[in-house]
Structure formats: C-alpha cells, structure tokens
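Below you'll find the structure, written out as structure tokens, and then a few comments.
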Amino acid sequence: MRCICRLWALPAPILILTALACAAGAEGRPATVRDFGAAGDGKADDTAALQKAVEAGIGDMRLPRGAYRITRPIVIDLNTYGPASFSGS
C-alpha cells in the first residue's frame, strides 16, 4: 500500500517529521516499535528494539498498547540520530 501525504500546507519542521513518519511506516501507517522487534508483552526484553528504533533516525516512534520491559537506559545521541520521541496509543 502506498503512503499518500499532503504536505504542502504544513510548516517546515512539521513537514519534515510528517514525511519521515510516512516514509518509515509499512503499508502507509506510522512506524511503531513493533516494526523493530519489540514484543510489548511485559516478559520479553524490549530494550534492544527500542534502541534500534532510535538508531533508525525516524524521530517519533509509536508504542502500541502493551507493557514494554526496559532493562537499561535508551541512549539518544542527538548528534548522530537527531531528536527522538516515543508516544503511546
């Protein structure tokens, strides 16, 4: 499925973030941490998947409903990957 984004009326920073999110998601949906291997079941260690999501440089990552087990800090190197945020649904 193709992602169709209408970007012409958005301010530049929002335009860039929208384009990145649109390009990152499979089948026209925003990228989620599950795309990077997170289970969100509360049992599996999701730390590596969350770190991988940051290192993809997408910016805004979605966390679908679930319990994410994190066993060490998630490192966000702004000089390398740029700003990142996680938001839940």
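Take A56 and apply the side-chain contact (heavy atoms from CB on, under 4.5 Å) test, not counting sequence neighbours, and it matches F36, I58. Under the rule for a side-chain contact (heavy atoms from CB on, under 4.5 Å), the partners of N79 that lie at least two apart in sequence or sit in another chain are D77. For R62, the side-chain contact (heavy atoms from CB on, under 4.5 Å) partners are P30, T32, D60, S87, not counting sequence neighbours.
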Which donor-acceptor pairs under 3.5 Å do side chains of residues 45-52 form with protein atoms, sequence neighbours excluded?
unit_1: D45; atom_1: OD1; unit_2: T47; atom_2: N; d: 3.0
unit_1: D45; atom_1: OD1; unit_2: T47; atom_2: OG1; d: 2.6
unit_1: D45; atom_1: OD1; unit_2: T71; atom_2: OG1; d: 3.4
unit_1: D45; atom_1: OD2; unit_2: T71; atom_2: OG1; d: 2.8
unit_1: D46; atom_1: OD1; unit_2: A39; atom_2: N; d: 2.8
unit_1: D46; atom_1: OD2; unit_2: G40; atom_2: N; d: 3.3
unit_1: D46; atom_1: OD2; unit_2: R69; atom_2: N; d: 3.4
unit_1: T47; atom_1: OG1; unit_2: T71; atom_2: N; d: 2.8
unit_1: T47; atom_1: OG1; unit_2: T71; atom_2: OG1; d: 3.3
unit_1: Q51; atom_1: OE1; unit_2: V75; atom_2: N; d: 2.9
unit_1: Q51; atom_1: NE2; unit_2: E55; atom_2: OE2; d: 3.3
unit_1: Q51; atom_1: NE2; unit_2: V75; atom_2: O; d: 2.8

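To the nearest 0.5 Å, atom OG1 of residue T80 and atom CG of residue L78 are 9.0 Å apart.
Looking at V54 and F86, their side chains come closer than 4.5 Å, going by heavy atoms from C-beta outward. Contact annotation: the side chain of P64 approaches that of R34 to within less than 4.5 Å [non-hydrogen atoms, C-beta and beyond].
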